[in-house]
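Comments concern the structure below.
Basis for what follows: all heavy atoms, side chains included, without hydrogens, waters or symmetry-related copies.
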Amino acid sequence: MIDGRKKVAFICVHNSCRSQIAEALGKHLASDVFESYSAGTETKPQINQDAVRIMKKLYGIDLETNGQYSKLITDIPDVDIVISMGCNVGCPFIGRPFDDNWGLDDPTGKDDVDFIKVIREIEERIIKLKNSL
């Protein structure tokens, strides 16, 4: 926390969808207050392509050219705040307790309406987090 900004990690099992969206929206909406990272306990070869497409459409953010990729928890720096995207799929063990569990449904395999609902909920939570820090 050299410049006063906290480091926040968004954690999912595969780091391919919700946590990637949260990292991108954190960078987009709150980079003046906190640094955003995402990671998982497993990785996927690529970010969820529906997430990539919809984030590009809604915000003009290209997750892949933005330098994001599926990462393990050991691939990111030590952080101040750790948020689970939703432990209903089996919460990963990260060596410390989570500061919050957002309890978001995984939209993978669902239609765009479900995806957008989850993305908008992540956006709201990012703004709340920003305002609370």
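Residues satisfying the side-chain hydrogen bond (donor to acceptor under 3.5 Å, both in side chains) test with K56, not counting sequence neighbours, are D62. With sequence neighbours left out, D99 forms a side-chain hydrogen bond (donor to acceptor under 3.5 Å, both in side chains) with R96.
Listed by first then second residue, pairs satisfying ring-ring contact (aromatic ring centres under 6.0 Å, His included) with a partner in residues 100-133 read F10-W102, not counting sequence neighbours.
Environment of NZ in K110: crowded, with over 12 heavy atoms of neighbouring residues, nucleotides or ligands closer than 6.0 Å. Applying the 6.0 Å contact sphere to NZ of K44 captures no more than 12 heavy atoms from other residues, nucleotides or ligands.
M85 and L29 fall within the same hydrophobic cluster, where Ile, Leu, Val, Met, Phe, Trp and Tyr residues are linked whenever their side-chain heavy atoms come under 4.5 Å apart, directly or through other members. No chain of hydrophobic side-chain contacts below 4.5 Å, direct or via other Ile, Leu, Val, Met, Phe, Trp or Tyr residues, connects L72 to V8.
Formation of a donor-acceptor pair under 3.5 Å by the S132 side chain with backbone atoms of L129 is found in this model. When atom types are taken as modelled, the side chain of S70 and the backbone of H14 share a donor-acceptor pair closer than 3.5 angstrom.
Defined by atom type and a distance below 3.5 Å, a donor-acceptor pair is missing between the side-chain atoms of S16 and N48. In summary, the side chains of E123 and Y59 do present a donor paired with an acceptor at a separation below 3.5 Å, with no hydrogens or angles considered. The closest side-chain donor-acceptor pair between Q20 and E64, if any, does not fall under 3.5 angstrom.
Taken from NZ in K27 to CD1 in I126, the straight-line distance is 11.5 Å, to the nearest 0.5 Å. Atom CG of L104 sits about 10.5 Å away from atom OG of S19, to the nearest 0.5 Å. One distance of note links OG1 of T108 with CZ of R18; it measures 7.0 Å at 0.5 Å rounding. In this structure, CD on E35 lies 12.0 Å from NZ on K6, to the nearest 0.5 angstrom.
Counting heavy atoms from C-beta on, the side chains of I83 and N101 never come closer than 4.5 Å. The shortest side-chain heavy-atom distance between I119 and L58 falls under the 4.5 Å cut-off. Contact annotation: the side chain of V82 approaches that of I11 to within less than 4.5 Å [non-hydrogen atoms, C-beta and beyond]. With contacts defined as side-chain heavy-atom distances shorter than 4.5 Å, the pair L133/I81 qualifies.
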Could you go through the side chain to side chain contact (heavy atoms under 4.5 Å, CB included) check for R53 and D112 one step at a time? CA-CA 10 Å; R53 176 178 55 79; D112 285 9; 2.8 Å; yes
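By the 4.0 Å N-to-carboxylate-O rule, E121 lies too far from K117 to be salt-bridged with it.
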